[in-house]
> 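Have a look at this one.
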Amino acid sequence: MVKPQKESFGVLVGWAHHTVGPKLDLTLQCTHSTRCADKRGVDDHHIVMTREQAAVLANYLFKVSGQSAPRQRGRLARWFA
């Protein structure tokens, strides 16, 4: 049985992603992290997910933030913009 790890907390200050084959490596950069001895340092959290998981996460974040997802412009609007 795997022992659950202690939760960590921090303040999100940046993020990035890298493609790893068909998956994405989402890097969340936090400061004041409970995982770091140096609270002023930046702690990187890497989360590997499928593109579908990334889309579900994006939709969830739009919903909880009260924002709406950006709409794609139609083909005519792109041609004549």
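Numbers here simply count residues along the sequence, with the first being 1.
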> Evaluate the side chain to side chain contact (heavy atoms under 4.5 Å, CB included) criterion for residues Leu28 and Ile47: first the C-alpha distance (whole Å), next the side-chain angles of each, then the deciding distance (0.1 Å), finally the verdict.
CA-CA 8 Å; Leu28 301 176; Ile47 302 167; 3.8 Å; yes
> Show the atom names and distances, to 0.1 Å, of all donor-acceptor pairs under 3.5 Å that link a side chain in residues 8-27 to residues at least two apart or in another chain.
from  : atom 1 : to    : atom 2 : distance (Å)
Asp25 : OD1    : His46 : ND1    : 3.2
Asp25 : OD2    : His46 : ND1    : 3.2
Thr27 : OG1    : His46 : ND1    : 3.2

> Let me have the donor-acceptor pairs involving side chains of residues 54-64, under 3.5 Å, with sequence neighbours excluded, atom names and distances please.
from  : atom 1 : to    : atom 2 : distance (Å)
Asn59 : ND2    : Ala55 : O      : 3.4

